[in-house]
Participant: 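Below: one structure in structure tokens.
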Amino acid sequence: DEYDLGIVRYQVDYEKYFMDTFREKGLQYRELWTFPYLAMLRVDHPAARKQAIRLMDLADSIALTQGDLYVPSLPRERCGDIGSPSRSIRLYDRTSEYELVAAMPRAYAWVAPVPTDMLTRYHLTLRPCVDNAVRHKDELIYRKQYMLSPMDELFLEQLAHVQAELSGLTSNPVFKP
């Protein structure tokens, strides 16, 4: 089966690799948004008291990392986790990430902006990290000959509304990168 649309998330540092791959594969692409990863913590985590954190504020914590965060053309060691945490748990499921951060008093995860209702449900908060300048980008991809359908356009319109809500969170002084 073929799919009509895809969304690819990558670190902006690797944009050339992804743009070259999209062109090589004959794909059209459209930037959806660019954003910093934020530290997601329990509201009672010691670092949550700060408006912005530093990597050293998380040194005694357990990092929950996604197992799929690497660039295929680079050696895995060049794509290390932010701050190279000494204690970490690797996950492959985003829902588990929320559950585990909520359940573990000294855990954190690097995430894209998260809707307020999700943070409230799990008693979590987001904090920017002063020494983490890494930015990420989401790109819409589709075959060159594909014409976006009215349903695709509706999906992108809804996605833009969610992005605007999440961008509002990151422009709030508490969440500024």
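Note that the structure is a prediction, hence the values are computed from the model and not measured.
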Participant: For Lys144, which residues count as a side chain to side chain contact (heavy atoms under 4.5 Å, CB included) partner, sequence neighbours excluded?
Facilitator: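 Expected list: Gln28.
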Participant: Do Phe18 and Val8 come close enough that some side-chain heavy atom pair is under 4.5 Å?
Facilitator: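 Touching, per the 4.5 Å side-chain cut-off.
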Participant: Taking distance alone, no hydrogens or angles, what donor-acceptor pairs closer than 3.5 Å link side-chain atoms of residues 151-162 to residues at least two apart or in another chain?
Facilitator:
residue, atom, partner, partner atom, Å
Asp152, OD1, Ser149, OG, 3.4
Asp152, OD2, Tyr146, OH, 2.4
Asp152, OD2, Ser149, N, 3.0
Asp152, OD2, Ser149, OG, 3.2

Participant: Find out whether Ile141 and Ile7 are in side-chain contact, i.e. whether some heavy atom of one side chain is under 4.5 Å from a heavy atom of the other.
Facilitator: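 Not touching, per the 4.5 Å side-chain cut-off.
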Participant: What pairs with Tyr10 under side chain to side chain donor-acceptor pair (under 3.5 Å), at least two apart in sequence or on another chain?
Facilitator: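 Tyr10 satisfies side chain to side chain donor-acceptor pair (under 3.5 Å) with Glu15, Glu139 once adjacent residues are dropped.
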Participant: Using the salt bridge (charged side-chain N to carboxylate O under 4.0 Å, His left out) criterion, which residues pair with Asp4? Sequence neighbours excluded.
Facilitator: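 Partners of Asp4 by the salt bridge (charged side-chain N to carboxylate O under 4.0 Å, His left out) criterion, ordered by chain and then number, come out as Arg143.
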Participant: Check salt bridge (charged side-chain N to carboxylate O under 4.0 Å, His left out) between Arg54 and all other residues, then give those that pass, not counting sequence neighbours.
Facilitator: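 Per chain and number, Arg54 pairs via salt bridge (charged side-chain N to carboxylate O under 4.0 Å, His left out) with Asp131.
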Participant: Less than 4.5 Å apart, side chain to side chain, heavy atoms only: is that true for Leu41 and Leu58?
Facilitator: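 Side-chain contact under 4.5 Å: yes.
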Participant: How close do Pro113 and Pro36 get, heavy atom to heavy atom, and via which atoms?
Facilitator: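 Answer, listing the atom of Pro113 first, then Pro36: CD-O, 4.0 Å.
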Participant: So which pairs with a foot in residues 37-47 pass salt bridge (charged side-chain N to carboxylate O under 4.0 Å, His left out), sequence neighbours left out?
Facilitator: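 Found Arg42-Asp44.
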Participant: Does Tyr142 have any ring-ring contact (aromatic ring centres under 6.0 Å, His included) partners at least two apart in sequence or in another chain, and if so, which?
Facilitator: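 Expected list: none.
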Participant: Report the residues that fulfil side chain to side chain donor-acceptor pair (under 3.5 Å) with Lys16, sequence neighbours left out, ordered by chain and then residue number.
Facilitator: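 Asp20.
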Participant: Side chains of Arg127 and Thr125: is there a donor and an acceptor less than 3.5 Å apart?
Facilitator: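 There is such a pair (donor and acceptor under 3.5 Å, judged by atom type) between the side chains of Arg127 and Thr125.
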Participant: Grab the two heavy atoms, one from Val114 and one from Val111, that are nearest each other, plus how far apart they are.
Facilitator: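 Of all heavy-atom pairs spanning Val114 and Val111, the closest is CG2-CG2, 3.8 Å.
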Participant: Under the rule for side chain to side chain donor-acceptor pair (under 3.5 Å), what residues qualify as partners of Thr34, not counting sequence neighbours?
Facilitator: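 For Thr34, the residues satisfying side chain to side chain donor-acceptor pair (under 3.5 Å) (neighbours in sequence not counted) are Glu31.
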Participant: Please tell me whether Met118 and Leu38 are part of a single hydrophobic cluster in this structure, the criterion being side-chain heavy atoms less than 4.5 Å apart.
Facilitator: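 Yes, Met118 and Leu38 fall within the same hydrophobic cluster.
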Participant: Who pairs with Asp138 by side chain to side chain donor-acceptor pair (under 3.5 Å), at least two apart in sequence or on another chain?
Facilitator: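 For Asp138 the side chain to side chain donor-acceptor pair (under 3.5 Å) partners, ignoring immediate neighbours, are Arg9, Trp33.
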Participant: Could you state the interatomic distance from OG1 (Thr21) to CG (Leu27), rounded to the nearest 0.5 Å?
Facilitator: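 If I round to the nearest 0.5 Å, the distance is 9.5 Å.
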Participant: Given 3.5 Å as the limit, does a donor-acceptor pair link the side chain of Arg90 with the main chain of Gln66, or not?
Facilitator: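 Side chain of Arg90 to backbone of Gln66: a pair is present.
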Participant: Which heavy atom of Ala39 sits nearest a heavy atom of Ile53, and at what distance?
Facilitator: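 Looking at all heavy atoms of both residues, the shortest contact is CB-CD1, 3.5 Å.
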Participant: Tell me which pairs pass salt bridge (charged side-chain N to carboxylate O under 4.0 Å, His left out) where either residue lies in residues 95-116, with sequence neighbours left out.
Facilitator: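 Applying salt bridge (charged side-chain N to carboxylate O under 4.0 Å, His left out) to every pair that reaches into residues 95-116, excluding sequence neighbours, yields nothing.
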Participant: Heavy atoms, side chains only, cut-off 4.5 Å: are Cys129 and Trp110 in contact?
Facilitator: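 With C-beta onward as the side chain, the pair touches.
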Participant: Can you confirm whether Met40 sits close enough to Tyr98 that some side-chain heavy atom of one is under 4.5 Å from a side-chain heavy atom of the other?
Facilitator: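 They are in side-chain contact.
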Participant: Are the side chains of Ile62 and Leu100 in touch, meaning some heavy atoms are under 4.5 Å apart?
Facilitator: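 In short, these two side chains do not touch, never coming nearer than 4.5 Å.
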Participant: Indicate if Val43 and Leu126 have the same hydrophobic cluster label, given that clusters are the connected sets of ILVMFWY residues with side-chain heavy-atom separations under 4.5 angstrom.
Facilitator: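 No, Val43 and Leu126 fall in different hydrophobic clusters.
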Participant: So, Gln163 side chain and Leu32 main chain: donor-acceptor pair closer than 3.5 Å or not?
Facilitator: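 Confirmed, Gln163 side chain pairs with Leu32 backbone.
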Participant: Between Tyr108 and His45 (judged by ring centroids, cut-off 6.0 Å), do the two rings come close enough to count as a pair?
Facilitator: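 Ring-ring flag for Tyr108/His45: false, centres at least 6.0 Å apart.
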Participant: Can you list the residues that meet the salt bridge (charged side-chain N to carboxylate O under 4.0 Å, His left out) rule with Asp117, with sequence neighbours excluded?
Facilitator: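 Asp117 satisfies salt bridge (charged side-chain N to carboxylate O under 4.0 Å, His left out) with no other residue.
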Participant: Do Val101 and Leu64 touch side chain to side chain, with heavy atoms closer than 4.5 Å?
Facilitator: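 Val101 reaches Leu64 side chain to side chain.
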Participant: Quick one: are Lys137 and Phe35 in side-chain contact, heavy atoms under 4.5 Å?
Facilitator: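 Of all side-chain heavy-atom pairs linking Phe35 with Lys137, none is under 4.5 Å.
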